[in-house]
Amino acid sequence: MLTYMRKRSKSWITKFIFGAIIIVFVFWGGSAYWSKEANKVAKIDRYIISQQQYARAYSDALRMYQARLGDALTPEVLQKLDLKKTVLDQMINDYIMKQEAEKLGVEVSDEELQEAIRAYPAFQQDGRFDIASYKRLLQYQRMTPADFEQQQRQALFQQRVYSLITENVIVSPQEVEALYKYRNDTFDLHYLTFEAKSYAGEIQVSDEEAVAYYDANKDTYKVPPKIVLDAVEFPVESYLDEVGVSLDEARAYYDSHKQEFTEEAKVHGRHILIRVPQDAGQAAIDLKREQAQKIHDEIKAGKDFAELAKKHSEDPGTNFLGGDIGLVPRDSLPGPMGEALYSMKPGEVRGPVQTSLGFHVLRLEAKSEEKLAVFDDVSASIIDQMKLQRAQILAHDDAGNTHMELFEQGVSDLAGYAEVKGLKVRQIGPFAQNEDIGIADGEEMVTQAFLLPQGEIGDVAAVESGYLIPMVKEKIPARIPEFSEVKGRVVDDMKAMKSLQKAREHAGELAGKAASDLSAMNPSSTGEFRRTAYLVPKIGMIQGLQEDLDSLESPKVYTHRSTVYVIWLKEKKEADADSAGEDRLKTISEELLSRKQEMAIKSFIDEARKRYDIVIDYAKIT
């Protein structure tokens, strides 16, 4: 065949055959590429990260955080971590680093990879690599040997590149001393407060001013869309007389649900929390552990736990109470903390105990064991509970049957239907979407109702009192109210704004005076605190204050909500790095080195990314 085609290479038949082959290859190969294009999450030059690759990487990262944080990995924490974007960024960076490493001549041989894997303690038995352990652990992690080896090759590759980038990074003794002082210098601030409301009596707002303010801020007073509902009610309490529960039935329920009648083990303790950031490196973690250990040792030496909690604890909910968490169920506390307190004796101090929040120094005040209630003491409540459950079933069934009948008959007059059937109808509203309608557990019904057209009947809604079948009686569109409707609000808003401005002006005048003059005005004092404190004592969290601590020799003005502060330095005590101890300074040095290395790597990656054409389809990761 090939001989035939060579002999006739110039004939139109041969050209046609080759053309057909080329078209097949173009469309076959091209369709594969365009299929990847359609499935991409990101593209770096012509390299594509597919949705499947991204989903797997995200799943691996999520499992890692779940193992590390446990129950502390809440949706809020996940949102703060921005894990979806972080994972994709890391995948892009990994690819770019691989390209850059190849330019630098970095390689990982098969022999080096095998040596690294054989050195893993988890894969060893009696100090030697064990192939059975290797396969078993990979199977547990749902990984193939090929996947794991590729992952390890990438890790070794990355390690070598990072070493090249950071080999010249050093930390000087001056940097260590500066960081120690930054964290351990203490401050005591003087402050004067000016409440905006105290100036309200001086404020006058004319009608012309109010109208002008309203015209400039109409959207602030916009009335949101509202709806009115008619709802047929099926209150559970109206079915209670139709059900009964015997003592034997109550006894059977008690015997099969004893956990419900068991009072949980409880602990009454105190704690001092030294927080550890979620992204802290090992050096930073060690430093925080050392800080907690020092506090523990001070308590053992006789210092007052409550006073040290007020001074050092980074739990704003308990530090002002001397660390007192009250009498709480053991299982309501972070696992290691609850277990430790429950295993202690009253008066005992223990720590540091590590949880997902950081390190805790603990003191047990009292505890109580689990206790099962006697049947005779709870039988009446069991009967009431079972009657309520049975009444709920009847109410639910009636509501469901009625709902079906309404749709089958195409009822549009809900009130008329209810009157014929002897059912009770209530009107709800008008109300806005985020407004409290006065019905417990009615939020889901409200959300659905705003999606329905006028005259539409919604699903059966379970609320605290029973069940409702709602119908949208009226939909009221959003509108800008007339000035006369909101005049009172406008005037109040203007008074609040002008009062706050007056307070700022007064505070600004005083801030221009010397600190010695202000000290004669009997200012308040925060007491000593470190700049790393979660909140400034007596003041709380004021934007910009902790950043300004080194420049408060002259008074400055700060605003927090409706309070204005004039704040200046009363006293600063500089920490002495020489008294810190060699081990502590070494830990700080290691932490600083780690941080500077991370910055060097980030800088390298940021510069490298500029040399690549990166396209990200954010819609596919959100």
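Computed from a predicted structure; not experimentally measured.
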- Task: Would you mind checking if K85 and D82 are paired as a salt bridge, meaning a charged N to carboxylate O distance below 4.0 Å?
- Result: no

- Task: Write down the atom of V566, the atom of P555, and the distance for their closest heavy-atom approach.
- Result: CG1-CB, 3.8 Å

- Hey, are R63 and D60 close enough for a salt bridge, meaning a charged N less than 4.0 Å from a carboxylate O? yes

- Query: Near D215 CG, under 6.0 Å, is it more than 12 heavy atoms from other residues, nucleotides or ligands?
  - Reply: yes

- State the CD-OH distance between Q546 and Y534, to the nearest 0.5 angstrom. 10.5 Å

- Message: For Y417 and Q409: C-alpha separation, side-chain torsions, deciding distance, then whether side-chain hydrogen bond (donor to acceptor under 3.5 Å, both in side chains) applies.
- Response: CA-CA 10 Å; Y417 171 89; Q409 295 182 9; 5.6 Å; no

- Query: Side chain of S519, backbone of A515: donor and acceptor closer than 3.5 Å?
  - Reply: yes

- Rounded distance (nearest 0.5 Å) linking atom OH of Y565 with atom CZ of F194: 11.5 Å

- How far does CD1 of I480 sit from OG1 of T220, to the nearest 0.5 angstrom? 9.0 Å

- Message: Side chains of V205 and Y213, heavy atoms from C-beta outward: is any pair under 4.5 Å?
- Response: no

- Message: Using a 6.0 Å distance limit plus a 45 degree cone around the ring axis, check whether R531 lies over the aromatic ring of F187.
- Response: no

- Short side-chain to backbone donor-acceptor contact, E485 and E482, under 3.5 Å: yes

- Just by modelled atom types, is the L452 backbone N or O under 3.5 Å from a matching donor or acceptor in the K475 side chain? yes

- Message: Under 6.0 Å from the ring centre and within 45 degrees of the ring axis: does the NZ or CZ of R489 meet both conditions for the six-membered ring of Y221?
- Response: no

- Query: When you look at D550 and K572, which way does the salt bridge (charged side-chain N to carboxylate O under 4.0 Å, His left out) test go after all the steps?
  - Reply: CA-CA 9 Å; D550 291 314; K572 176 182 178 181; 3.0 Å; yes

- Any chance OH of Y58 has more than 12 other-residue heavy atoms, nucleotides or ligands included, within less than 6.0 Å? yes

- Message: Less than 4.5 Å apart, side chain to side chain, heavy atoms only: is that true for L414 and L406?
- Response: yes

- Task: May I ask you to decide if L81's main-chain N or O and T86's side chain share a donor-acceptor pair within less than 3.5 Å?
- Result: yes

- Short question: side chain of D613, backbone of D45 - any donor-acceptor pair under 3.5 Å? no

- Do I49 and I44 come close enough that some side-chain heavy atom pair is under 4.5 Å? yes

- Message: Can you confirm whether E419 is buried at CD, in the sense that more than 12 heavy atoms of other residues, nucleotides or ligands lie under 6.0 Å from that atom?
- Response: no

- Return the minimal non-hydrogen interatomic distance between P470 and L229, and the atom names on each side. CB-CD1, 4.2 Å

- Task: Could you walk me through whether I325 and L333 pass side chain to side chain contact (heavy atoms under 4.5 Å, CB included), step by step?
- Result: CA-CA 10 Å; I325 62 174; L333 298 170; 3.9 Å; yes

- Query: Between NZ of K311 and OG1 of T186, what distance do you get to the nearest 0.5 Å?
  - Reply: 7.5 Å

- Task: Please confirm whether the backbone N or O of V243 pairs with a side-chain atom of R390, one donor and one acceptor, at under 3.5 Å?
- Result: no

- Answer whether the closest heavy-atom distance between the side chains of Q66 and L62 falls below 4.5 Å. yes

- Message: With a 4.5 Å cut-off on side-chain heavy atoms, are L510 and M521 touching?
- Response: yes

- Taking all heavy atoms of G322 and all of R270, pick out the closest pair and write down the distance. O-NH1, 3.2 Å

- Task: State whether the number of non-hydrogen atoms from other residues, nucleotides or ligands found under 6.0 Å of Q204 atom CD is greater than 12.
- Result: no

- Task: Report the distance from atom CD1 of I439 to atom CD1 of I428, rounding to the nearest 0.5 Å.
- Result: 3.5 Å

- Message: So if I apply the side chain to side chain donor-acceptor pair (under 3.5 Å) rule between Y199 and each of H506, R504, K502, K495, which one comes out positive?
- Response: H506

- Query: Can you tell which of E209, E202, E505 makes a salt bridge (charged side-chain N to carboxylate O under 4.0 Å, His left out) with K498?
  - Reply: E209

- Query: Is a side-chain N or O of K181 found less than 3.5 angstrom from the main chain of E574, in a donor-acceptor match?
  - Reply: no

- Message: If you count heavy atoms of other groups shown closer than 6.0 angstrom to CD of E553, is the number above 12?
- Response: yes

- Message: If the threshold is 4.0 Å, N to carboxylate O, is there a salt bridge linking D617 and K43?
- Response: no

- Item | Short N-O contact, E307 and K310, less than 4.0 angstrom | yes

- Has the side chain of E444 got a donor or acceptor atom that lies under 3.5 Å from a matching backbone atom of A462? no

- Task: May I ask you to check whether over 12 heavy atoms, not counting those of Y182, lie within 6.0 Å of atom OH?
- Result: no

- Message: When you compare the side chain of V564 with that of Y558, does any pair of heavy atoms fall below 4.5 Å?
- Response: no

- Can you measure from CZ (F234) to CG (L468) and round to the nearest 0.5 angstrom? 9.0 Å

- Query: What's the shortest heavy-atom distance between I476 and P430, and which atoms?
  - Reply: CD1-CB, 3.8 Å

- Is the closest side-chain heavy-atom distance between K218 and K222 below 4.5 Å? no

- Does some side-chain heavy atom of R530 sit less than 4.5 Å from a side-chain heavy atom of R183? no

- Would R609 and D89 pass as an ion pair if we require N to O under 4.0 Å? yes

- Please lay out, stage by stage, how T526 and K570 fare under the test side-chain hydrogen bond (donor to acceptor under 3.5 Å, both in side chains). CA-CA 9 Å; T526 61; K570 178 183 178 183; over 6 Å; no

- Message: Given 3.5 Å as the limit, does a donor-acceptor pair link the side chain of E365 with the main chain of H268, or not?
- Response: no

- Message: I need the minimum non-hydrogen distance between A210 and V490, along with the two atoms involved.
- Response: O-CG1, 3.4 Å

- Given the rule in the salt bridge (charged side-chain N to carboxylate O under 4.0 Å, His left out) test, do K610 and E607 qualify, once you have shown the distances and angles that lead to the verdict? CA-CA 5 Å; K610 294 176 185 177; E607 286 302 312; 2.9 Å; yes

- Within 6.0 angstrom of H396 NE2, more than 12 heavy atoms from elsewhere: no

- Message: Applying side chain to side chain contact (heavy atoms under 4.5 Å, CB included) to L192 and W568, what does each step give before you reach the verdict?
- Response: CA-CA 9 Å; L192 297 168; W568 67 100; 4.0 Å; yes

- Ion pair check, E264 and R330, cut-off under 4.0 Å: no

- Query: Has R561 got more than 12 heavy atoms of other residues, nucleotides or ligands less than 6.0 Å from its CZ?
  - Reply: no

- Query: Short question: side chain of Q53, backbone of S50 - any donor-acceptor pair under 3.5 Å?
  - Reply: yes

- Message: side-chain hydrogen bond (donor to acceptor under 3.5 Å, both in side chains), that's the test. Do H312 and N319 meet it? Break it down for me.
- Response: CA-CA 8 Å; H312 296 292; N319 54 10; over 6 Å; no

- Item | For R275 against D315, the heavy-atom pair lying closest together | NH2-CA, 4.4 Å

